[in-house]
Amino acid sequence: MCGIVAGVAQRNVVPILIEGLKRLEYRGYDSAGLAVINGGEIFRKRELGKVKGLEALIAADPIEGRIGIAHTRWATHGKPSTRNAHPHVSKDRVAVVHNGIIENHDHLRAALQENGYVFTSETDTEVIVHKVAEELKAAGNLLDAVGKTVKSLRGAYALGVIDCEQPDVLVACRKGSPLVIGIGIGEYFIASDIAALLPVTQRFIFLEDGDVAELTINGVTIFDEAGRRVVRPVIESQLKADSVDKGKYRHYMLKEIYEQAWAVSETLEGRFIDNRLQDNAFGHNAADVFDQIKSVLILACGTSYHSGLVARYWFEKYARVPCAIEIASEFRYRNPVVAPDTLVVTISQSGETADTLAALQEAKKLGVKHSLVICNAPESSLVRESELVLMTRAGPEIGVASTKAFTTQLVALLMLIIVVGRRFDLSAEKEEHIVSQLFALPGNIEKVLKLDNAIELLSQRFADKHNALFLGRGTHYPIAMEGALKLKEISYIHAEAYPAGELKHGPLALIDAEMPVVTVAPNNNLLEKLKSNIQEVSARGGQLIVFMDEDLAESDAADENVQIVKMPSVANAISPVIYTIPLQLLSYHVAVLKGTDVDQPRNLAKSVTVE
Ligand code: AGP
């Protein structure tokens, strides 16, 4: 993964690059670095850890320049360390930042070493910078040298390259990793994501796979993979620079949990006329597509996969639509059989998840004709590669642990079930019911957020624990999975989710007083079954925390080992959304108690753009 940002301007670019790196930290944050050209020389600073460390280093010993490249890293090849941090430099002349993975780096390294290049890092990236230096011997300019270099690379890359012998030129290129060009007035920038550049521009060019671009203060020239000069469209972004502020909250994650009522309203906004969901909310040709499809295949990763799991239950239950779901990283290598009249639905907060993107491409190769993405990033790769799009409009999600993206995905999926279901077995009454419940969601989310203090108290029970189990049944089994994922990723407590009926087939052996068991127990047709499962745990001394409907009598689950949290009473159609929220809050408070880095937990990155 990693984030890159670079620019050429008529002013010092260092503060712009530092701000850009902070906005890209969601892509990785184990080390950061920056290089500028000044007076014909390269000046480089690198620091282990987050961007603020690099910022402090530069504040203590400033560098400046009108052209520069910068990087925030998520280690793939070579552990996090200063010497593995980017930019990498060759012969004190060329500097490179890279996002992606070079698969043939071993082979290239051996050849370059034979030619006398000395490697100072364990990264795959270092072969690129030496190769550019090598190609510069014959090529007339940096653009040609980079163009030749990328022809020898196998794998994925987005690159920013500078050469102190051409101090006015920044060369950028991409293949398999995202890269945008930001257009200012007499200044041009590149970044992994538009968010990095919003403080300086809202005008962007999205480079296509294989493009190589040359940026100077006079403009941008782009060449496609075949070396032809091309013009790519300029897109005006609607996003604002201040949309990524923490506001009054201590962490982005908490802010994002609290934004969910608003995010759900935004996701519903303008898509209904007289309470009827419009097909064209999914794209102008959506009605034609929906008329043709016979089944649905959902592909996603992580939290987005969990929302898809809930949707599978809904597709079958409400509309009898055949629905399959698979983790994208498995699908892409499984050689699956997919009928051409399947609607492939990808779900992704970032729209840049490499496995999900590759799975979509694989599905297309297998002959699938129609695709739809549910996504939160308007200008992302998945949005650009999908036929139909439903944006979740949750606003930027900065916390690595996904919260509002998940609940808005569930809302978007219910909307999809309505429009597809109409063509199957969804009755007008059921549709009306789902729609009314969707509109009731924001109010119910506000109600459930009022449990925050009670959940904060409860979180103390977890702070000294090493393991936790999450139980659910039906649509709430994926909610238990999501709860377990949240807890493990930000509190580092090992957590697993089980469908409650599966306990007696093995996991019951784990139960003792040290094992908190979180149970999601809404008032539905599986409640009686779930109560028996609760008894099985309690009888073995397990410590249960049960989230259950306020309308149910406490005696339904009462026991000295059972702590009950009463949830607002809501209809089945929206209860997966509502029951997600206390689990998010629980993980958040446990993580705060444990003192972990809530927004940027160890070893992770927000957007997983490598395999
Ligand atoms: C969730 O908290 C995770 N950070 C992660 O599982 C995430 O959902 C997954 O990487 C998929 O990302 P996407 O939605 O951007 O595709």
Side-chain angles (χ1 to χ4, degrees), residues 22 25-26 28-30 49-53 244-263 302-303 306 349 394-407 445-470 479-497 514-520 543-547 563-567 578-606:
K22 287 183 182 164
E25 269 190 327
Y26 72 90
Y29 37 79
D30 60 45
K50 294 190 183 176
V51 175
K52 62 177 192 267
V244 284
D245 206 278
K246 224 181 278 177
K248 62 178 184 187
Y249 295 93
R250 185 168 165 197
H251 296 100
Y252 281 111
M253 182 182 178
L254 189 61
K255 174 179 179 245
E256 288 157 7
I257 290 173
Y258 271 86
E259 280 174 346
Q260 289 177 105
W262 163 84
T303 288
H306 295 158
Q349 188 285 130
E397 191 183 65
I398 308 297
V400 164
S402 194
T403 52
K404 61 179 180 172
F406 179 70
T407 43
I445 292 174
E446 295 294 359
K447 276 193 209 158
V448 82
L449 285 169
K450 296 211 165 72
L451 294 174
D452 193 6
N453 290 341
I455 292 170
E456 187 175 0
L457 272 178
L458 203 63
S459 64
Q460 291 166 3
R461 291 177 161 223
F462 288 76
D464 62 341
K465 297 289 185 287
H466 299 290
N467 300 287
L469 283 182
F470 285 69
I479 299 308
M481 293 169 81
E482 176 59 11
L485 177 63
K486 287 293 87 96
L487 189 68
K488 72 184 122 189
E489 76 180 322
I490 60 168
S491 76
Y492 315 148
I493 292 175
H494 172 237
E496 276 194 80
E514 288 308 299
M515 175 71 84
V517 181
V518 178
T519 308
V520 187
Q543 301 300 302
L544 282 138
I545 291 108
V546 181
F547 291 92
Q563 164 98 41
I564 292 174
V565 181
K566 289 187 176 177
M567 296 285 291
I578 295 300
Y579 277 79
T580 299
I581 291 167
L583 305 187
Q584 297 170 340
L585 286 168
L586 181 65
S587 303
Y588 173 76
H589 290 300
V590 175
V592 170
L593 274 179
K594 292 196 74 183
T596 61
D597 191 340
V598 172
D599 286 329
Q600 294 180 325
R602 67 186 182 200
N603 305 338
L604 299 180
K606 180 71 182 160

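This structure is a prediction, so every number in the text was calculated from the model and none was measured.
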Novice: Are the side chain of Gln584 and the backbone N or O of Lys486 linked by a donor-acceptor pair below 3.5 Å?
Specialist: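 Flag not set: sc Gln584 to bb Lys486 has no pair under 3.5 Å.
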Novice: Could you state the interatomic distance from NZ (Lys447) to CD1 (Ile445), rounded to the nearest 0.5 Å?
Specialist: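 Taking NZ in Lys447 and CD1 in Ile445, the distance rounds to 12.0 Å.
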Novice: Got a donor-acceptor contact below 3.5 angstrom from the Ser491 side chain to the Ala591 backbone?
Specialist: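 No, because the side chain of Ser491 does not come within donor-acceptor range (under 3.5 Å) of the backbone of Ala591.
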Novice: Contact between Gln260 and Thr580 at the side-chain level, heavy atoms closer than 4.5 Å - yes or no?
Specialist: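 No, their side chains stay 4.5 Å or more apart.
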Novice: Quick one: closest heavy-atom pair of Ile545 and Pro516, and the distance?
Specialist: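 For Ile545 versus Pro516, the nearest heavy atoms are CD1-CB, 4.3 Å.
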Novice: Going from NZ on Lys246 to CD on Glu256, what distance comes out if it is rounded to the nearest 0.5 angstrom?
Specialist: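 Taking NZ in Lys246 and CD in Glu256, the distance rounds to 10.5 Å.
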Novice: Does atom NZ of Lys52 have more than 12 heavy-atom neighbours, drawn from other residues, nucleotides or ligands, at distances under 6.0 Å?
Specialist: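 Check fails, neighbour count at 12 or below.
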Novice: Using only atom types and a distance under 3.5 Å, with no angle test, would you say the side chain of Tyr492 pairs donor to acceptor with the backbone of Arg602?
Specialist: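 It does hold such a pair.
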Novice: Could you list the residues that satisfy side-chain contact (heavy atoms from CB on, under 4.5 Å) with Lys22, not counting sequence neighbours?
Specialist: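 Scan of Lys22 (side-chain contact (heavy atoms from CB on, under 4.5 Å), adjacent residues dropped) gives Ile18, Glu19, Val51, Glu55.
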Novice: When you compare the side chain of His589 with that of Asp452, does any pair of heavy atoms fall below 4.5 Å?
Specialist: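 They are in contact (side-chain heavy atoms under 4.5 Å apart), so the answer is yes.
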Novice: Please tell me if the side chains of Leu585 and Leu451 come closer than 4.5 Å, counting only heavy atoms from C-beta onward.
Specialist: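 When only atoms from C-beta onward are counted, Leu451 and Leu585 do not touch, as no gap falls below 4.5 Å.
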Novice: Would you say the side-chain atoms of Glu259 pair up with the backbone N or O of Lys404, donor to acceptor, closer than 3.5 Å?
Specialist: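 No, Glu259 side chain to Lys404 backbone: no donor-acceptor pair under 3.5 Å.
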Novice: So how far is it from Arg461 CZ to Gln543 CD, rounded to the nearest 0.5 Å?
Specialist: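 One gets 6.0 Å once the value is rounded to the nearest 0.5 Å.
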Novice: Distance from Leu593 atom CG to Glu456 atom CD, nearest 0.5 Å?
Specialist: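 Output value for this atom pair is 7.5 Å.
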Novice: Is there a side-chain contact (heavy atoms from CB on, under 4.5 Å) between Ile398 and Lys255 once you walk through the steps?
Specialist: CA-CA 10 Å; Ile398 308 297; Lys255 174 179 179 245; over 6 Å; no
Novice: Considering non-hydrogen atoms only, spot the tightest contact between Tyr252 and Gly399 and give its length.
Specialist: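 Smallest heavy-atom distance, with atoms named: CB-N, 3.9 Å.
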Novice: Under the side-chain contact (heavy atoms from CB on, under 4.5 Å) rule, what do Leu583 and Val518 come out as? Steps first, then yes or no, please.
Specialist: CA-CA 9 Å; Leu583 305 187; Val518 178; 3.8 Å; yes
Novice: Report the distance from atom CG of Leu449 to atom CD1 of Ile257, rounding to the nearest 0.5 Å.
Specialist: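 The CG atom of Leu449 sits 8.5 Å away from the CD1 atom of Ile257.
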Novice: Where is the tightest heavy-atom contact between Ala263 and Ala394, given as atom of each residue plus distance?
Specialist: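 Scanning both residues, the minimum pair turns out to be CB-CA, 3.8 Å.
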Novice: Pair Asp597, Tyr29 - check side-chain hydrogen bond (donor to acceptor under 3.5 Å, both in side chains), show working.
Specialist: CA-CA 12 Å; Asp597 191 340; Tyr29 37 79; over 6 Å; no
Novice: If we ignore hydrogens and angles and just use 3.5 Å, is the side chain of Tyr579 paired with the main-chain N or O of Ile479 as donor and acceptor?
Specialist: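 Absent.
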Novice: Any idea which heavy atoms bring Glu397 and Ser402 closest together, and the distance?
Specialist: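 The answer is OE1-OG, 3.0 Å.
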Novice: Closest approach of Ile490 and Val598, non-hydrogen atoms and distance?
Specialist: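 Smallest interatomic distance, heavy atoms only, reads CG2-O, 3.5 Å.
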Novice: Just so I know, are the side chains of Ile564 and Leu544 near enough to count as touching, which here means a heavy-atom distance under 4.5 Å?
Specialist: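 No, every pair of side-chain atoms sits at 4.5 Å or beyond.
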Novice: Does Glu446 pair with Lys450 as a salt bridge, N-O distance under 4.0 Å?
Specialist: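 Between Lys450 and Glu446 there is no salt bridge, as every charged N stays at least 4.0 Å from the carboxylate O atoms.
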Novice: What are the two closest heavy atoms between Ser587 and Gly483, and how far apart are they?
Specialist: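 Where Ser587 meets Gly483 most closely, the heavy atoms are OG-O, 3.9 Å.
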Novice: Just verifying a value: how many Å separate Ile581 CD1 and Tyr258 OH, rounded to the nearest 0.5 Å?
Specialist: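 Rounded to the nearest 0.5 Å, the CD1-OH separation comes to 10.5 Å.
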Novice: Glu514 and Lys465: side-chain contact (heavy atoms from CB on, under 4.5 Å), yes or no, with the steps?
Specialist: CA-CA 7 Å; Glu514 288 308 299; Lys465 297 289 185 287; 3.9 Å; yes
Novice: So do Phe470 and Leu487 actually touch side chain to side chain, heavy atoms under 4.5 Å?
Specialist: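 Yes, their side chains come closer than 4.5 Å.
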Novice: Have a look at Phe547 and tell me which of Met567, Gln563, Lys566 forms a side-chain contact (heavy atoms from CB on, under 4.5 Å) with it.
Specialist: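 Only one of Met567, Gln563, Lys566 forms a side-chain contact (heavy atoms from CB on, under 4.5 Å) with Phe547, namely Met567.
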Novice: Look at the side chain of Asp599 and the backbone N and O of Met253, then say whether any donor-acceptor pair between them is shorter than 3.5 Å.
Specialist: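 The answer is yes, because a donor-acceptor pair under 3.5 Å joins these two groups.
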Novice: Do Thr303 and Gln349 come within less than 4.5 Å of each other through their side chains, counting heavy atoms only?
Specialist: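 A side-chain contact under 4.5 Å is absent here.
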